[in-house]
Number of protein chains: 2
Amino acid sequence: MKRDSRLSSVLHALLHMAEQNEPMTSEQLAACMCTNPVVVRRTMGLLRDAGLVTSERGPSGGWTIAADLEAVTLRDLHEALGEPSIFAIGNRNENPGCLVELAVNAALDGAFADAEALLLDRFAKVTLARLSADFNRRHAAHRARS
Amino acid sequence: MKRDSRLSSVLHALLHMAEQNEPMTSEQLAACMCTNPVVVRRTMGLLRDAGLVTSERGPSGGWTIAADLEAVTLRDLHEALGEPSIFAIGNRNENPGCLVELAVNAALDGAFADAEALLLDRFAKVTLARLSADFNRRHAAHRARS
DNA sequence: GCTTCATGTAACTTCGTTTATTACGATTTA
DNA sequence: TAAATCGTAATAAACGAAGTTACATGAAGC
């Protein structure tokens, strides 16, 4: 089953933008995200709706981070993307009349809910600032090696 | 993103089979799982490979539970189905050269791994026997009400 | 104002995955 | 031998996500 990689993608984009003082165009972001500009605009548009980035048109326009890197967490990004469903497996029928189905769903739903809570909790603890620092640490180490 | 509901489906099937003393045909199971016989054979075939059910051909043939209900857990079923990937979201690129990508993946992977471990742990604690008992309790309550 | 660059967005196409269907072979029972 | 049932390959259909095209809107610079 194919995975939704938009969270990973926008993270990539945001970290690149964080290293940059000027706006980045959809075209530039598309290049570094291996996709095309329209998809970038669609996806980044969701972040803009959530107030995390701004966009400007015209020459010297593009996308800019609009929020404090310390304040934005992975969970914020997940929410901005519309809280896409986290699990690739799930119940066959969410509104069952069959009593067997009820028993099955009850067992599965509890487990999924707990796993989801754990994941969102972890997401809430990771800020963009931390990821950016993490990247810079790796970058420094990489330069030192070569 | 569409979810794989095979785990839920086979659970449904197995609980019905547990209420029954004779083999159930693919056709019967298909009816109660809202699908068709070939899909049932494909899916149940995986459980048979794992030794959880048996199939017999010819008249009076069909599918029978071959394992102890106390011993079979949701995790066993998940494994029998080929351990389909649990998450609907994930990294964009699993083998990245980009250092930004490395930092992003490291952050996401840890969280996903922990959530997966929690879920599988929960699965391992739920037996078919318990679900069957759960169903029978609901069933009794339902009959008492009417 | 005109041109250029960039986003905004609707419409459509393409692609990959999953499920359903068809068809037929193999096996078992009577 | 006839009927029932699974086994499985091959194909079709359905669906959603992503890519693409096309054009409108707005901003900057001359």
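Since the model is a prediction, treat every value here as computed from it, not as a measurement. Each chain gets a letter, A, B and so on, in the order its sequence line appears, and its residues count up from 1.
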Over all strands shown, is B/Gly62 touching base, sugar-phosphate only, or nothing at heavy-atom distances under 4.0 angstrom? sugar-phosphate
So, OP1 or OP2 of C/dG8: does either fall under 4.0 Å of a side-chain N or O from A/Ser55? yes
Hey, does the side-chain of A/Arg41 have a donor or acceptor N/O within less than 3.5 Å of a partner on the base of C/dT7? no
How many Å lie between CZ on A/Arg92 and C1' on C/dT19, as a whole number? 14 Å
Nearest of D/dA10, C/dT28, D/dA18 to any side-chain atom of B/Arg42? D/dA10
Could you tell me whether B/Asp121 and B/Lys125 make a salt bridge, using a distance below 4.0 angstrom between a side-chain N and a carboxylate O? yes
Heavy atoms from other residues, nucleotides or ligands near CD of B/Glu19 exceed 12 (cutoff 6.0 Å): yes
When you measure from the side chain of B/Arg57, which nucleotide among C/dT22, D/dA4, C/dG25 comes out closest? C/dG25
Length of the CG-C1' vector between A/Asp4 and C/dT17, whole Å: 15 Å
Measure CD/B/Gln28 against P/D/dT5 and give the value in whole Å, please. 8 Å
Specify the separation, in whole Å, of atom CG of A/Asp49 and atom P of C/dG8. 10 Å
With the 4.5 Å side-chain cut-off for hydrophobic clustering, are A/Leu77 and A/Leu46 part of the same group? yes
Between CG of B/Asn36 and P of D/dT5 the distance, given in whole Å, is 17 Å
Any side-chain N or O of A/Thr35 below 4.0 angstrom from OP1/OP2 of D/dG19? yes
Could you work out which one of C/dT9, D/dA27, D/dG7 sits closest to the side chain of A/Pro59? D/dA27
Report the distance from atom CD of B/Glu56 to atom P of C/dT28, rounded to the nearest whole Å. 9 Å
By nearest heavy atom, map B/Lys2 and A/Ser26 onto DNA chain C; which one lands nearer the 5' end? A/Ser26
Describe the nucleic acid contact of B/Glu27 in one word from base, sugar-phosphate, nothing, applying a heavy-atom distance below 4.0 Å. nothing
Would you classify B/Arg48 as touching base, sugar-phosphate or nothing, given that sugar-phosphate means primed atoms plus P, OP1 and OP2, and contacts are heavy atoms under 4.0 Å? sugar-phosphate
Looking only at the side chain of B/Thr25 (C-beta and beyond, no hydrogens), which of the listed nucleotides C/dA6, D/dT5, C/dT21 gets closest? D/dT5
Are B/Met1 and A/Phe123 connected in the hydrophobic side-chain network, where two residues link if heavy atoms are under 4.5 Å apart? no
If Ile, Leu, Val, Met, Phe, Trp and Tyr residues are connected whenever their side-chain heavy atoms lie under 4.5 Å apart, and connections chain through other members, are A/Leu102 and A/Val104 in the same group? yes
I need the CZ-P distance between A/Arg3 and D/dA18, as an integer number of Å. 14 Å
Taking CE from A/Met1 and C1' from D/dC15, how many angstroms apart are they, rounded to a whole number? 11 Å
